[in-house]
Amino acid sequence: MQLDERKTKILQAVIRNYLETGEPVGSRTISKYTDLNLSSATIRNEMADLEEMGYIFQPHTSAGRIPSDKGYRFYVDSMMEEKERQVVDMKEMLVERQDKMENLLKQVARVLAQNTQYATMISAPQTQRNKVKFVQLSRVDASHILAVIVVEGNVIKNDIFSIDQELNDETLLKLNILLNTHLNGLSIDEINLGMISAMKQQAGIHSALVSGVIDAVAEAIKADEDLEIYTSGTNNIFRYPELADQEKASELINTFEEKQQLGDLIMDTLADENSTGIQVYIGNETPVQSMKDCSVVTATYELGEGMRGTIGIIGPKRMDYDKVIRTLRTLQSQLDDLYKD
């Protein structure tokens, strides 16, 4: 007999409460843990059915119920299935968004170069991965555990840990609850030594596994990503006599092709987390050596989930600043809508 939604919610409530308190759970307690708005009598009937089906049992007369191995198995399988579904959905969404984003940014760079008649660059959004969303431990085999770590920006990191002895479902569940209760929503600065020590103490003989997962979480939060930069309109440089000198033009084109100095400029722009405005570099003000005879105008765009990127326009010092700044401000406000389409 399959569990319907009502029985499933009641069983989950029994297990969650028992995991938190270690005490048998009664119908009155369950009425506070579900959103079914059922009477205690109805809950008692449902719990009696669950007991008859072998999902819970009464440790002694007049006590509440506690989960059986079958109940734990149902709870763990349901939880893991849900988490795995979330991870799969997230990965599919990220692949789709990545392809969509790449095409969009290349198009933006082209259109921007055509409209301004200057050289343009735009960076793929960098995720400010400074908080944990959730951690999921699951069994690979008797001696290995898979940890799936999701941080802000829906960045997913997978790590496999070796263990000395196989973990049963209840232990695995308790470790998942321990990790998520303490780490969800925290930044790297908030995961301090006191918290780590307390978690390891609560994990007991599994402290080494918890310690390894915490290290993996820290790496996932602060890991660097390759910076993708899309450029267009490089040949527009030759339209301006002051930049068309063979040596100067060659240096500029090389900068656009190699992109290392562009990356440094973009990272400097993104380093200011509060900056979403327009920045104008004129001549020697620009940190890029090959652009000392140019003006560079940059703008930071945001796409939510902590994702930020930089748009840049490079042209002669006599560029049409008013047009360039108006264009960038318009693009800033439109890019998020374009991304969602």
Side-chain angles (χ1 to χ4, degrees), residues 1-86 132-139 142 145-148 163 165-186 195-210 213-214:
M1 180 179 175
Q2 250 186 339
L3 296 186
D4 57 26
E5 183 181 1
R6 179 192 287 181
K7 285 185 173 61
T8 298
K9 287 189 174 183
I10 290 173
L11 175 59
Q12 289 174 338
V14 169
I15 296 175
R16 283 197 301 269
N17 189 265
Y18 181 67
L19 288 171
E20 289 173 8
T21 67
E23 299 291 334
V25 185
S27 57
R28 284 190 178 179
T29 302
I30 295 306
S31 65
K32 302 173 186 176
Y33 274 75
T34 65
D35 56 1
L36 297 176
N37 297 318
L38 300 174
S39 67
S40 294
T42 302
I43 292 175
R44 278 196 300 273
N45 290 335
E46 294 287 3
M47 289 176 71
D49 290 344
L50 288 168
E51 185 172 8
E52 187 177 338
M53 297 164 71
Y55 289 100
I56 57 177
F57 67 94
Q58 201 169 20
H60 50 83
T61 309
S62 301
R65 269 77 164 187
I66 65 174
S68 65
D69 288 352
K70 182 178 179 181
Y72 279 128
R73 167 53 61 193
F74 179 85
Y75 183 73
V76 169
D77 288 349
S78 299
M79 184 188 71
M80 292 304 178
E81 183 181 338
E82 175 63 23
K83 291 298 183 186
E84 285 166 9
R85 187 164 56 248
Q86 288 179 16
V132 184
K133 292 190 77 170
F134 71 82
V135 179
Q136 173 194 329
L137 300 184
S138 55
R139 188 184 301 104
I145 293 294
L146 170 67
V148 179
I163 52 177
Q165 60 183 61
E166 186 173 8
L167 302 183
N168 61 34
D169 293 338
E170 182 177 0
T171 301
L172 198 58
L173 180 60
K174 286 182 176 179
L175 290 175
N176 271 312
I177 292 172
L178 172 67
L179 289 164
N180 285 287
T181 299
H182 284 84
L183 299 178
N184 282 10
L186 296 189
M195 176 184 297
I196 293 172
S197 177
M199 290 175 66
K200 289 171 68 174
Q201 186 174 2
Q202 291 180 54
I205 61 173
H206 307 296
S207 60
L209 174 59
V210 167
V213 173
I214 293 172

For M53 and L3, the nearest pair of non-hydrogen atoms, with its separation, is CE-CD2, 3.2 Å

Here the pair of heavy atoms bringing L172 nearest to S138 is CD2-CA, 4.0 Å

Here the gap from R73 atom CZ to N168 atom CG, rounded to the nearest 0.5 Å, amounts to 9.5 Å

*Run the numbers on Q202 and V210 for side-chain contact (heavy atoms from CB on, under 4.5 Å), then give the verdict.*
CA-CA 10 Å; Q202 291 180 54; V210 167; over 6 Å; no

One should read off an interatomic distance between I10 CD1 and I30 CD1, to the nearest 0.5 angstrom, of 7.5 Å

Looking only at heavy atoms, the pair that brings R65 and Q58 closest together is CG-N, 4.3 Å

request  = Given side-chain contact (heavy atoms from CB on, under 4.5 Å), test L179 with M199 step by step and report yes or no.
outcome  = CA-CA 8 Å; L179 289 164; M199 290 175 66; 3.7 Å; yes

Residues at least two apart in sequence or cross-chain that pass side chain to side chain donor-acceptor pair (under 3.5 Å) with Q12, listed by chain then number, are none

Handout entry: N180 side chain vs V135 backbone, donor-acceptor pair below 3.5 Å
Key = yes

Check whether T29 reaches the backbone of V25 with its side chain - one donor and one acceptor, N or O, closer than 3.5 Å.
no

Taking every heavy atom of I56 against every heavy atom of M47, the minimum-distance pair comes out as CD1-O, 3.4 Å

Hits for side-chain contact (heavy atoms from CB on, under 4.5 Å) against A142, two or more places apart or cross-chain, chain-then-number order -> E166

- Query: Stepwise, does the side-chain contact (heavy atoms from CB on, under 4.5 Å) test hold for L167 with L209?
  - Reply: CA-CA 11 Å; L167 302 183; L209 174 59; 3.9 Å; yes

For K200, the side chain to side chain donor-acceptor pair (under 3.5 Å) test, sequence neighbours excluded, returns none

Scanning both residues in full, the closest heavy-atom pair of G54 with K70 reads O-CB, 3.5 Å

Sorted by chain and residue number, the side-chain contact (heavy atoms from CB on, under 4.5 Å) partners of I66 (sequence neighbours excluded) come out as Y18, P24, F57, P59

Rounded to the nearest 0.5 angstrom, the CD-CZ distance for E46 and R6 is 5.0 Å

Between N184 and F134 the two heavy atoms that sit nearest each other are OD1-CA, 3.5 Å

Here the gap from K7 atom NZ to I43 atom CD1, rounded to the nearest 0.5 Å, amounts to 12.5 Å

Using only heavy-atom distances, determine whether the side chains of T42 and N45 contain a donor-acceptor pair under 3.5 Å. no

In this structure, NE2 of H206 is separated from OG1 of T171 (nearest 0.5 Å) by 4.5 Å

Exactly one candidate in V14, L11, T8, L173 meets side-chain contact (heavy atoms from CB on, under 4.5 Å) with Y75; the answer is L173

Expected output: side-chain N176 to main-chain L137 donor-acceptor under 3.5 Å: yes

When rounded to the nearest 0.5 Å, the distance separating NZ of K174 from OG1 of T181 is 13.0 Å

Hits for side chain to side chain donor-acceptor pair (under 3.5 Å) against S197, two or more places apart or cross-chain, chain-then-number order -> none

For the pair L146 and R139, evaluate side-chain contact (heavy atoms from CB on, under 4.5 Å) and give the outcome as yes or no after the intermediate values. CA-CA 6 Å; L146 170 67; R139 188 184 301 104; over 6 Å; no

- Item | Pairwise side-chain contact, M195 with L186, heavy-atom cut-off 4.5 Å (strictly under) | yes

Residues at least two apart in sequence or cross-chain that pass ring-ring contact (aromatic ring centres under 6.0 Å, His included) with F74, listed by chain then number, are Y55

